[in-house]
Every structure is written in structure tokens, then in C-alpha cells.
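Note that ligands are numbered from 1 as they come in the structure, with each ligand's atoms numbered from 1 the same way. This is a predicted model, so every value here is computed, not measured.
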Amino acid sequence: MPTSPTYDDVLAAALRLQGHAHRTPVLTSRTADQRLGARLFFKCENFQRMGAFKFRGAFNALSRFDAAQRQAGVITFSSGNHAQAIALSAQLLGIPATILMPQDAPQTKIDATRGYGGEVILFDRFRQDRESLTRELAGQRGLTLIPPYDHPDVIAGQGTAAKELFDEVGKLDCLLVPLGGGGLLAGSALVARALSPACQVYGVEPEAGNDGQQSFRSGAIVHIETPRTIADGAQTQHLGQHTFAVIRRDVDDVLTASDAQLVEAMRFFAERMKMLAEPTGCLGFAAACHGGLALAGKRVGIIVSGGNVDLRRFGELLAS
Ligand SMILES: *Cc1c(COP(=O)(O)O)cnc(C)c1O
């Protein structure tokens, strides 16, 4: 069992990512500031390579492979941004990538993953268990599994986004982070504790799937059915062992946002800030607006985690 990640691991990840990941912009909006009576800093990972912060964790993890692992290759399972993150990182590092995706994943995501050179293996998610399928393939082919969130190198890589934010804007009173399996939140919390110890760190997950909130408040990982929400990047059923250990220790609370609040935030980003964020990427801002936090007069960091939403879907959501 690898050991729990630390802030030093985030620093090492930042060095590995230099020249490979984009240093994404930190944007501000006077309209948003006026609305909340606070000073907001949006760390825009929707402008990251492949469109989400997941490139950071994937590239960091693959950079640590030894020669034998590089030659044999990586395997993962994902229907979303982690699939593209692994495929692109593997292509950049010259490592073969095998990615299990559900048959009914959006064709655009399957195409994007193949476009980055990943070998996509489709499976039937109603009949086949993806974890045992992954293990079987990994065993047969000698591949190393890099899961979407529950891995110390993935957590350390994801933390580099928050590190760039603090490096750029200094200390914050509060940081709001989208939460699925907890890789981004755990990495961000490690950084906040090191660089801005008094900063309150909140995870934000979809209201329909508040397993993270239940887990945080009860002190044990709670499993739920796959939630129905437009935040497809946060449709996880449970936190991970590694992510939960850090979240329990370093996070202040877990909040939720409804789908309607996510659409409102998406519209704000598009109209006022001229940018495209996917529903999951809007969790932090939605909670800043509706989460009941007392933000007046505070300096607030918000991680906009990704921008991968197809335009037809985007239009449908805004019209609804
Ligand atoms: C994966 C993902 C999340 C959730 O990240 P975790 O590390 O699983 O908590 C949030 N937003 C986007 C855009 C994602 O792709």
C-alpha cells in the first residue's frame, strides 16, 4: 500500500508537470464580487490540456513509471475526463494506454480518447464488472492500473492546480472545490494547509449524490447508487481510501449544489465571463452563491474544474 500523499509530493508533481501542463489563468469578475460582496478568484482548469485538471494527476502518475512499467503500459477505467487524461499523458510519454469505457459512453468521449492514441475497450456496464475486468486485463498484459482518483500520485498531481492559485493570489479565507471521488479535493486541501493554513476548504458535490458529505460527517466511507445529476464528472459512488484519509483530516466540510444551481452558474460563466464550463466544473461557484457560507468581505478561491460539455448538450441545459 503506497503511503499517504503530502505537500512535498505536490511540489514534486509541480516540477514534473512543468512544461507539460498549462498554467491555467486565474480570472475575476466584478459582477460576481458585487453579487457576493466578496473577492472571488476562479482557477480555470477548463482551460487545462484536454479540458480538465485530470491531466495533472494522470501525467504525474505516468511520469513515475519505471522502465518496465513504461514498456508494458497503463490501464484504466473511465467514461469521462480521466480516460482522455490518461490517453494524452501516455501519448506524450510514449507509454501504451488501454482504457475500458462503457459501451454507452458518449461517442465524442470515445473518439477523443482514441484520438489521443488510447486503445479503447468497450464493456457492458450492466453485465460486466469493470474492476474485475480491469484486473484481468492488467494481469494478462502486465499493465499498471492508474485509477481516476484513489492513488497518491494522482492526488499529488491534482493538488498542483491549487498550488498555482495560492502562488498567484496569496492567502485565501475559503476555497471551494468540486468533489467526485476526492482526488482534486484531497490535493487542494494538502496545499491549502501548507500555504494558507487558516483557509477553510470545502468540497462541493451534486445534491443528488451526497455520499461525500455523508462520509465526511459520519467518519466512514458511505457507498451510494450512481446518482442522477447533470454533473457527470462527480457521479461517483464513494470516496477512495486515500482521498478520504486526507479529506477527513484537512477539509472543513462538504456542501452540495442542485442541478438548477449548476445551470445558473454555467450561464453566468458563459454570459459574464465568456467561458465554457461543464456542469461539474460549476459546483464550486454554485455553492459560493447558494451554499449558505458567510462570504461577505472574504477572499474566496473557486476551482472551475473542467470544460468538456458538448455544445448541443450545453444549449439544451441553458434552454431548460
Ligand atoms: C473528475 C472530475 C471532478 C471530480 O474530481 P475527483 O478527483 O474525482 O473528486 C470534478 N470536475 C471535473 C470536471 C472532473 O472531470
I'd like a table of the close N/O pairs between ligand 1 and the protein (anything under 3.5 Å), one pair per line with both atom names and the distance.
unit_1	atom_1	unit_2	atom_2	d
ligand 1	7 (O)	Gly183	N	2.9
ligand 1	7 (O)	Leu184	N	3.0
ligand 1	8 (O)	Gly181	N	2.8
ligand 1	9 (O)	Gly180	N	2.8
ligand 1	9 (O)	Gly181	N	3.1
ligand 1	9 (O)	Gly182	N	2.7
ligand 1	11 (N)	Ser305	OG	2.7
ligand 1	15 (O)	Lys54	NZ	2.7
ligand 1	15 (O)	Asn81	ND2	2.8

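- For the residue pair Thr226/Gln235, the side-chain donor-acceptor check at 3.5 Å is not satisfied.
- Pairs passing the salt bridge (charged side-chain N to carboxylate O under 4.0 Å, His left out) check and including a residue from residues 283-309, sequence neighbours excluded, do not occur.
- Counting only residues at least two apart or on different chains, no ring pair (Phe, Tyr, Trp, His ring centres under 6.0 Å) pair has a member in residues 60-85.
- In this structure, the side chain of Asp252 engages the main chain of Val201 through a donor-acceptor pair within 3.5 Å.
- Sorted by first and then second residue, the salt bridge (charged side-chain N to carboxylate O under 4.0 Å, His left out) pairs with a member in residues 57-85 read Arg64-Asp153; sequence neighbours excluded.
- A donor and an acceptor atom, one from each side chain of Arg56 and Thr160, are located under 3.5 Å apart.
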